[in-house]
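Small disclaimer: the values here were computed from a predicted structure and weren't measured.
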Amino acid sequence: MTWWLAAMVLSAGFADQVSCPVQGHVSRPQDGDEASFARADHCAGVKADTDLNAVVMVSPTVVATVVVPPHTYARRFLYRWGANHADVGAERLPVAWSRLPRS
């Protein structure tokens with residue numbers, strides 16, 4: 001799949017009108033520790049929380065998950081809604097996402 005086709009497919013999956021970045025600080029000191037996320041944005045269209053070793057972000061139509069590696073100490077977290085990666089400190093981490101069922 002070419003990069004532009006992948007970008008079109010990804011952006012179509014995120015067509016829920018969220019245009020603000022999710023940002024804050026994330027940490028996960030040891031393997032086996034749960035991740036913690038201190039949010040520092042005002043992106044009203046997205047709820048963010050942690051689930052074991054990941055930051056989970058939920059919009060009205062999409063769930064996006066970023067697994068935080070162990071030995072991550074209070075690093076800046078930045079996710080631009082619809083991107084295929086999140087910036088955690090100097091690292092780019094992949095984002096897994098899925099659509100929520102329509103009610």
(request) Using modelled atom types only, decide if a donor and an acceptor are shared between the side chain of R92 and the backbone of H85 within a distance under 3.5 Å. (result)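 Not a single qualifying donor-acceptor pair exists.
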Minimum side-chain heavy-atom gap [X]-[Y] below 4.5 Å:
{"X": "D49", "Y": "V56", "result": "no"}
{"X": "R39", "Y": "V46", "result": "yes"}
{"X": "F77", "Y": "V22", "result": "yes"}
{"X": "S27", "Y": "D33", "result": "no"}
{"X": "L93", "Y": "V67", "result": "no"}

Please report the closest heavy-atom contact between [X] and [Y], naming both atoms and the distance.
{"X": "L100", "Y": "S59", "answer": "CD1-O, 3.5 Å"}
{"X": "A74", "Y": "H25", "answer": "O-CD2, 4.0 Å"}
{"X": "Q30", "Y": "P70", "answer": "C-CB, 3.9 Å"}
{"X": "A86", "Y": "V66", "answer": "CB-CG2, 3.8 Å"}
{"X": "C43", "Y": "P21", "answer": "CB-O, 3.8 Å"}
{"X": "C20", "Y": "A44", "answer": "SG-N, 4.5 Å"}

(message) Working to the nearest 0.5 angstrom, can you tell me the gap between D87 CG and R75 CZ?
(response) 12.0 Å
(request) With rounding to the nearest 0.5 Å, note down the distance linking CE in M57 to NZ in K47. (result) 15.0 Å
(request) Find out if a path of hydrophobic residues (ILVMFWY) with successive side-chain heavy-atom gaps under 4.5 Å connects L78 to V62. (result)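 The answer is no; the residues belong to distinct hydrophobic clusters.
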(request) Anything under 30° is parallel, anything over 60° is perpendicular, the rest tilted; go ahead and classify W81 against Y79. (result) perpendicular
(message) Go through it in stages, so that I can follow the logic: the residues are N53 and V68, the test is side-chain contact (heavy atoms from CB on, under 4.5 Å), and I'd like the CA-CA distance, side-chain angles, deciding distance and then a yes or no.
(response) CA-CA 6 Å; N53 64 348; V68 179; 5.8 Å; no
